[in-house]
Structures are given as structure tokens and as C-alpha cells.
Amino acid sequence: MRVLIFDTAEKAVVHTARLIVEQVQARGDSVLGLATGATMVPIYAALRAAYRAGQISFAQVTTFNLDEYLGLSPADPRSYRATMQAELFDHVDIDPARTHLPIGDTPDPKAEAARYEAAIAAAGGIDLQLLGIGRNGHIGFNEPISSLTSRTRVKALTPDTRAANAHYFPDDDMPRFALTMGVGTIMEARHCLMLATGPAKADAVAATIEGPLSAACPASVLQMHRRATVVLDRSAAGRLKLWGHYAQVEEDR
Ligand code: F6R
């Protein structure tokens with residue numbers, strides 16, 4: 001695991017976005033695994049800027065998002081599909097047919113999960129999987145005690161996750177379930193790139209990097225990944241103990 005600690009969240013974001021840009025520059029037909037959530041908002045702003053500046057084209061890129069709320073249609077503005085359209089897809093030259101998220105209002109979630117797995121395999125697997133982390137250590141919506149070999153499936157959201165995202169659902173109708181890539185699905189990505197910023201993530205980050213490998217903190221499975229990069233700001237790194245082991249990057253490259 002490569003752990004990079006930046007003194008500010010802005011620098012952590014710049015570095016993470018740069019790694020994604022470099023992936024697409026190196027391979028124009030990259031398959032990117034994407035994440036949503038507040039942490040990723042500045043990442044998509046940086047990718048839009050890189051596209052506007054002519055640094056990258058998404059014309060041959062394929063994307064698979066980690067998850068979608070069960071029951072929300074793609075047209076629902078609170079869906080992750082709508083979020084991705086607004087934050088990235090509508091602003092760049094990506095082929096809509098190459099953008100994939102689980103369909104939240106599917107009548108058959110089990111079949112939809114199997115379809116999603118098959119689509120990832122048909123695309124040749126994921127080159128770079130962007131990950132955030134929940135305060136409870138979830139990746140995607142693989143909540144604590146998720147099987148570390150799980151595949152795309154329906155997961156119940158924990159009270160903590162529902163509380164963290166409740167502000168997106170002011171009418172108090174936050175979905176109770178999500179369709180999410182499994183931990184095993186995520187682990188098959190050729191490179192996992194996690195970004196965590198802010199003090200609320202410090203406990204989960206410490207458990208991920210220095211804790212025991214455990215389904216109690218699904219993100220800790222990254223300890224077993226052959227190529228995992230974890231980008232942190234100082235506050236998200238605040239509960240780490242083995243500081244001498246990590247790259248502390250004062251200046252962005
Ligand atoms: C969303 C996802 C989640 C988020 C996590 C952190 O697609 O995969 O695991 O990355 O809940 O969310 P924020 O960034 O809002 O704290």
C-alpha cells in the first residue's frame with residue numbers, strides 16, 4: 001500500500017486527479033471505476049478542467065461507478081447517475097454508452113447485479129478504481145461485516161451511513177438499500193486509488209492502513225491489494241501512528 005500524506009485537502013485532490021489524468025493520458029481507452037460523495041466533488045471539477053484545458057479526452061474511456069441507491073431511477077436528481085451526469089459526464093466528450101452505473105429502479109436487483117458484473121468483465125476489468133471511504137470504513141456501500149470476497153449485490157445501508165448522507169434527502173426518504181460493487185469486485189481492479197480528506201475519516205483511515213485485516217473495516221482489505229494508493233490530507237491521517245513509514249508530501253509535484 002502506498003500512503004501519501006499532503007498538508008492540505010486541496011493538494012491531496014490535485015494529486016489524486018493528476019493520477020487519474022495520467023492514467024487516461026497513458027491509455028486513452030482506460031476503464032475507470034468511479035465513486036461519488038462529497039470527497040469526489042473537487043476531483044470531478046479537476047477532471048472537467050483537465051478536459052477543458054485539452055489535457056485529456058474521455059472519448060475512448062469506459063466508466064463503472066461503484067454504487068447506486070436502490071429504488072431511485074437514473075433520472076432522479078438524487079441518484080448517483082444524475083450526480084455523475086452533472087459533475088462529469090455532461091461536461092466531457094465521453095460516449096454515454098460507455099458510462100455505467102447499476103440501475104437503481106431495476107425490478108430485479110439480483111439480475112441487475114449479475115448484469116453489472118458481466119459488463120465489467122466484458123470491458124476487460126477496471127484499470128483504475130477511485131475510492132472514497134465511509135466513516136465506518138465502508139468502500140462502495142460495502143458496510144462493515146461485508147464479505148471481503150463479495151460481488152455486486154444489494155446491501156442495507158447502516159444508520160451511520162444513512163445519517164452521513166441524510167442531507168441529500170431533505171424529505172427524509174433516504175433509501176435503505178444500495179446496489180454496490182462487492183469488495184471482491186473492487187479488489188480485481190488493477191489499481192485502487194483511495195482519497196480521504198478531513199478529520200471525520202481519521203479513525204476509518206487508521207483502521208484501513210494500520211488495523212487488522214477485517215471485515216469490520218472493509219477498506220482494510222486494501223492491505224491485500226497488489227497496487228493500492230491511499231491519498232490523505234493531514235487531518236484524515238491524524239490517527240495514524242506509523243508516520244515514519246509514509247510519504248509526507250509537503251509540496252505537490
Ligand atoms: C460512493 C461511495 C462511498 C463514499 C463514502 C464517502 O460512491 O462509494 O463509499 O465514497 O461514503 O463519502 P463522502 O465522500 O461523502 O464522505
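In each ligand, atom 1 is the first atom listed, and ligand 1 is the first ligand listed. Residue numbers run from 1 in the order of the sequence given. Every heavy atom of this structure was used, including side-chain atoms; hydrogens, water molecules and symmetry mates were not.
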* To do: Indicate yes or no: at least one non-hydrogen side-chain atom of L179 is less than 4.5 angstrom from one of T106.
  => yes
* R176, CZ: over 12 other non-hydrogen atoms inside 6.0 angstrom -> no
* Would you please classify the geometry between the F169 ring and the Y69 ring as parallel, tilted or perpendicular, with 30° and 60° separating the classes? => perpendicular
* Taking the six-membered ring where the residue is Trp, are the ring centres of H15 and F6 under 6.0 Å apart? -> yes
* Exercise: do R78 and T83 side chains pair donor with acceptor under 3.5 Å -> no
* Residues in ring-ring contact (aromatic ring centres under 6.0 Å, His included) with F58, at least two apart? -> none
* **Residue contacts for ligand 1, heavy atom to ligand atom, distance under 4.0 Å** => A35, T36, G37, A38, T39, L66, D67, G132, I133, G134, H138, G140, K201
